[in-house]
Structure formats: structure tokens, C-alpha cells
Amino acid sequence: MELRVQQGNIADAEVDLIVVNLFAGVTAPGGATGAVDRALNGEISQLIATGDFTGEAETTALLYARGRLTAPRVLVVGLGSSGQFGRAQIRRAAAVGAQAAAKLKDVNTIATIVHGAGIAGHDADAAAQQVALGTLLASYRPKLYRREDASKGLTSCTVVEFSEGKLADVERGVARGVAIGRAVYTARDLVNEPPNVLTPLEMAARAQAMASDVGLESTVLDEAAMEDAGMGILLAVSVGSANPAQFIILEHAPAGHDGEAPLVFVGKGITFDTGGISLKRVGGMWQMKGDMGGAAAVIGALEAVARLNLPRRVIGVAPCVENMPDGKAFRPGDIVTGMTGKTAEIISTDAEGRLILADALAYTAKFNPVAAVDLATLTGAVGTALGHHVRAGLFSNDNALQQALMAAGDRSGERLWPLPMDEEYEKPIRSDMAEVKNSAGREGGLSSSAKFIQHFTEGYPWAHLDIANMVLADSRINAETPKGATGYGVRLLVELAERYTAGPPS
Ligand code: BES
Ligand code: MN
Ligand code: ZN
């Protein structure tokens, strides 16, 4: 899907379908919708008068131009109430329009006006960004492993702006929306890939290819380098796998920001989680191909940060490991030593995410970060606590970082909810023999998982996002969020990085 920007009148767009819009409660459409309505002899007004189309959000009406416009079809998208029309509503309207258009048999090319840039008074730039992003989010198609790839979709969307004065803003906004949308595609593609294809080595190869495309610095540590760095806790998870672990580091260092304390994103990259010797049950185990969703979000976020060339140093860290049972595998009862020298007793080899994060976050201290945020599909319990595909769990030892993340979540539409980290949650992970143990049992397991990670995060503001309830969807969630990989986290991290361009929050 290609996004273009064109100056002119949408009535003249040479495409299969044009998209206009309508707020709920409007009886006489104005602007571009009004012009199209007049060209169609008042057919849109008639839909409104009969009550067949109300402009309610997430509804559409399809009309046929029969020679009265250049395009053969018109789709009117409902914008909902003008009183609550923000960025999320713009993005959703674009997504609903693109999705409805893609369902039509002979529609490959569409043109749309910039929702919200007219009477709703949004900046053309910000509105165009959400239109481009919503269009891309809705148009995602996963790669299929079939001899015949039947997947069709829209090939292009032209964003039409009438006012010449706004054109540059619309172009800038669309470019930003495309940069973020493509990065979400990167994350979705990684999560959707089957685990026999997406091994740690393949993750590293793809991350490095992306890095050279967009101009990120990249480094990959192999197991020998991780051993030299002392990452004994991380490597314990990997010993049972025939696929060697890879520790990916991506850096965006824009000119003039070389020495700056970086913002660091760390993503759990378990390419497949069998549970190891503490083997998972059969039902739904295939979904553990998505256990690298944190790493995918970090890789996608760094891609967007580079494409946007944000004026801020940002580093992405993605420890990639496969968790398998084997004669060489680590076992419950083992005690392992990580980079900081701290020891961990293994209670469950299925609590492996916190183990790879322990060494990844210890390594992160080397960068002297202004803040570090880890994203991990860490516990089934976060879905029990917060449900699925609404909000991810947020834990932090720093109030300013927590507030910045909450705000970035609300603004990006990838929302979070704070969960507690009281000292009491530490008690269930006290070990008799080692400094800490990796599983607390059922009681308070969600907060204790964050307490475990906290042991390895000394010296910088840190937040942990448990995204296990957000990464893979059983069915389509909404026009922007398809079945399968959601790409959750990319937009959130980009929004956070943008906030940090103005310096750390206080
Ligand atoms: N990768 C899983 C968590 C998970 C569950 C992700 C469901 C996505 C969907 C994680 O490694 C895990 O196995 N967690 C255990 C922790 C327990 C052994 C302490 C869990 O949540 O049951
Ligand atoms: Mn596990
Ligand atoms: Zn896992």
C-alpha cells in the first residue's frame, strides 16, 4: 500500500473510490462532503434525511457516482460527535474507511480527504498523520505461507488536500504517519512469523537489515560475547535450544546528540516459549511464537525513531532466545549467576522472560540511560488482571517516567495501567539459597515478576510493561487492530521518545 498526497478537489480524483466524511448530527454536509453531495444531486443529504446514515462513528455508507464524479464510488465515513473528536477518532475513521473500501471487489485505489482538518480544527499536519497511520494500520496483510497467495488489498491511498497553503503540512503529517505505520508493520511481521522461521539468528539478521536501511547503528552479541559479558542468567534459558541466542543492540544517535544520556528500550525476545523443562500444556502453545512481541516492538520503534530522525539518542536492546526442553536444558532448582554477580534460583523454567531481562537490564546500565523501559510478554496473569487488548500493565520505580508513559499511552492509543510494586511483593521471591528466585507461585505473581526484574535495574529510572495481553489477537479487535499480531508498543514508544526530545520529564 502506497500513500500519496495530492492538491486539488477530491471530486476529480482518478481512483476506484473516494472517501468523504460526516459528523453525527449534521443535516447539511459542508466542505468536500458538501461538494460531493451537490455533485450527487443531494444523495448524501437524502441518506441523512431518511435516517439511513447518521454519521455515527465506525459506520459507512456507499454511493455510486454514475458519471457525476471522476471516481465510480463514494464512501461516506461517520466521524461521530464533533464534541469528542480527537486524534484517535481521526485515525479510527481513516481505518474504518480503508477497511470498508478493501472489502469491495474491484477497489484497489482510494482517495481520502483529511478527516478533522476542516471544521474540527485539528492541525492539518497532525490530522494527516493520523489519516495515514489509520489507513496503514487497517490495510495490513500478513505474509501467507501458501502456494497461492490470494491476499489482495488496497494498492494506494491518495490524501487529497484542497488548500494549497496546507499542502506542506499534510505532506509532513502523511510522511510521519507512514514512518510509524511501516514500523508497526515490521513488528507485526516479526510476531506473525512462524517460530521455525523466526529464530534468534533470523531476528538478528532482520534487525540488522532494517538498521542499515534506515541508518541505525547495530551490534549483535553472539553467545560467546554474552558469556564474556557474564550473562549467565540469560544464557541458562538458551542452553536447551539448538538455535543460539542473539543479543541485538540498535542505536539512533542523531548528529549533535552523541554524548547524550540515551532513552533505552528493552524487549523480551523469546522466539518460542515451550516452558522448557517446566513444559507448558498443549492447548494454545503455538501462541508462544508471539513471545518475542516486546523485542518486535523495540525493533519497530527504533525503525520509526530513525525514519523520523528524532532529535534524541535512543537505544533498543533485544535479547533473543528460544526456550526449549532438552538434555542440556536448565532445570528447576538450578542456581545461576548474571552480569551483576547476583544469583537467581530457578523455580520454573517457564518464568524465563524475567531471566533474559535480568541480564539485558544489567547490560543497559552500561549506557547510563536517562530512562529505560522494558516491554515483555511476561505473565498470563496480566490478562486476568486487565483483560485483553485494552491496556498493558505498567510497573515503575520512577514517578516522572510513569507519568510520561501514561500520557504517551493515552496519546498514542496504546494505553497502560499502573500496577503496584510494594516491598511486600518481594517476599514471595526470596530464595533460601540464592539472592532471589524466579517464581513466586500464584499469589501476587504479577507484581512479583516486576519485583524480580527490579533486582537488575540499578542506577536509572526504569519501567516494565507487561504486554502479554496485547500482542496476539484471536480475532480482529477493531479496524486498526487485525487478528494475529497487533504490533502493540511501537506507537507508544515513539510517542515516549518524542516526549523525551524536550528533555526528561520532571
Ligand atoms: N510467555 C509466558 C507468558 C505469556 C502467557 C505470554 C500468555 C503470552 C500469553 C511467560 O514466559 C510465562 O510462561 N509465564 C508464566 C510465569 C509463571 C511460570 C511464573 C505464566 O504466566 O504462567
Ligand atoms: Mn514462559
Ligand atoms: Zn515467555
Side-chain angles (χ1 to χ4, degrees), residues 190-192 195 198 200 203 233-234 236-238 240-241 243 245 266-297 318-325 329-334 344-360 374-390 392-393 395 419 425-426 428-431 436-453 464-474 484-486 488-489:
L190 289 169
V191 170
N192 278 330
L198 198 76
M203 281 276 278
I233 300 182
L234 182 156
V237 179
S238 186
S241 173
N243 290 306
V266 181
K268 172 179 172 183
I270 295 290
T271 59
F272 195 72
D273 181 14
T274 63
I277 297 300
S278 311
L279 195 62
K280 288 183 181 295
R281 46 191 206 88
V282 177
M285 198 203 275
W286 68 272
Q287 293 184 6
M288 289 303 124
K289 73 174 189 172
D291 211 17
M292 31 57 71
C320 297
V321 184
E322 191 181 48
N323 186 21
M324 297 290 268
F330 77 137
R331 12 174 140 53
D334 284 1
E345 180 184 7
I346 309 304
I347 299 301
S348 169
T349 63
D350 198 12
E352 84 297 337
R354 63 200 74 182
L355 297 174
I356 70 167
L357 287 175
D359 277 330
D374 79 69
L375 288 85
T377 47
L378 210 71
T379 68
V382 73
T384 308
L386 301 177
H388 293 85
H389 307 293
V390 185
F395 300 88
L419 292 165
Y425 295 111
E426 178 71 41
I429 55 167
R430 275 187 209 146
S431 162
V436 62
K437 64 184 186 186
N438 82 331
S439 174
R442 290 193 72 80
E443 264 300 285
L446 182 52
S447 285
S448 294
S449 67
K451 292 306 277 183
F452 179 91
I453 300 170
H464 160 59
L465 312 183
D466 193 334
I467 62 169
N469 57 339
M470 306 302 286
V471 164
L472 269 181
D474 291 337
T486 61
Y488 180 88

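Order of appearance sets the numbers: ligands from 1, and atoms from 1 within every ligand.
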What atom name does the N, O or S atom of Glu352 nearest to the Mn ion (ligand 2) carry? OE1
Stepwise, does the side chain to side chain contact (heavy atoms under 4.5 Å, CB included) test hold for Val191 with Leu198? CA-CA 9 Å; Val191 170; Leu198 198 76; over 6 Å; no
side-chain contact (heavy atoms from CB on, under 4.5 Å) test vs Met292 passes for just one of Val321, Val471, Thr377, Leu190, namely Leu190
Which pairs, with at least one residue in residues 274-288 and sequence neighbours excluded, count as a salt bridge (Lys or Arg N to Asp or Glu O under 4.0 Å)? Asp273-Lys280, Lys280-Asp350
Tell me: protein heavy atom nearest atom 4 (C) of ligand 1, and distance? Met288 CE, 3.9 Å
Ignoring hydrogens and angles, tell me if any N or O in the side chain of Thr349 forms a donor-acceptor pair with the backbone of Ile277 under 3.5 Å. yes
Below 4.5 Å, heavy atoms only, C-beta onward: do Ile453 and Leu378 meet side chain to side chain? yes
Distance-only N or O hit between ligand 1 and Thr379, under 3.5 Å: no
Just which atoms of ligand 1 are under 4.0 Å from any heavy atom in Asp273? 1 (N), 2 (C), 10 (C), 11 (O), 13 (O)
Protein non-hydrogen atoms only, distance under 4.0 Å: does atom 1 (N) of ligand 1 have such a neighbour? yes
Begin from the C-alpha positions of Thr486 and Leu472 and carry the test side chain to side chain contact (heavy atoms under 4.5 Å, CB included) through to its verdict. CA-CA 6 Å; Thr486 61; Leu472 269 181; over 6 Å; no
Any idea which atoms of ligand 1 are less than 4.0 Å away from a heavy-atom of Glu352? 11 (O)
For Ser241 and Met324, indicate whether the former's side chain and the latter's backbone hold a donor-acceptor pair under 3.5 Å. no
What protein heavy atom sits nearest atom 18 (C) of ligand 1, and how far off is it? Ser348 OG, 3.6 Å
Nearest neighbour in protein (non-hydrogen) for atom 19 (C) of ligand 1: Ser439 OG, 3.5 Å
Which residue holds the protein heavy atom closest to atom 20 (C) of ligand 1, what is that atom called, and what is the gap in Å? Gly380 N, 3.9 Å
Determine yes or no for a side-chain-to-main-chain donor-acceptor pair under 3.5 angstrom, with Asn469 supplying the side chain and Gly387 the backbone. yes
Under a heavy-atom criterion of less than 4.0 Å, does Gln287 contact ligand 1? no
Least distance between heavy atoms, Lys451 atom then Tyr425 atom: CG-CB, 3.7 Å
So does Ile356 get a backbone contact from the side chain of Lys268, meaning a donor-acceptor N/O pair under 3.5 Å? no
Can you pull out the closest protein heavy atom to atom 16 (C) of ligand 1? Residue, atom name and distance to 0.1 Å, please. Arg354 NH2, 3.8 Å
Report whether any nitrogen, oxygen or sulfur of Asp273 sits less than 2.8 Å from the Mn ion (ligand 2) (N, O or S, backbone or side chain). yes
Could you state the interatomic distance from CD (Glu322) to OG1 (Thr274), rounded to the nearest 0.5 Å? 7.5 Å
One pair to check against side chain to side chain contact (heavy atoms under 4.5 Å, CB included): Leu386 and Met470. What are the steps and the verdict? CA-CA 10 Å; Leu386 301 177; Met470 306 302 286; over 6 Å; no
closest protein heavy atom to atom 10 (C) of ligand 1 is Leu378 O, 3.3 Å
Is any side-chain heavy atom of Phe330 closer than 4.5 Å to one of Ile346? yes
Measuring only between side-chain heavy atoms, which start at C-beta, is Asp466 closer than 4.5 Å to Leu419? no
Going by the 4.0 angstrom heavy-atom rule, the piece of Lys268 near ligand 1 is side chain
Taking the Zn ion (ligand 3) as the center, what protein N, O or S atoms are found at less than 2.8 Å? Lys268 NZ, Asp273 OD2, Asp291 OD2, Glu352 OE2
Atoms of ligand 1 less than 4.0 Å from Ala468 heavy atoms? 6 (C), 8 (C)
Taking atom 15 (C) of ligand 1 as the reference point, the nearest protein heavy atom with its distance: Asp350 O, 4.1 Å
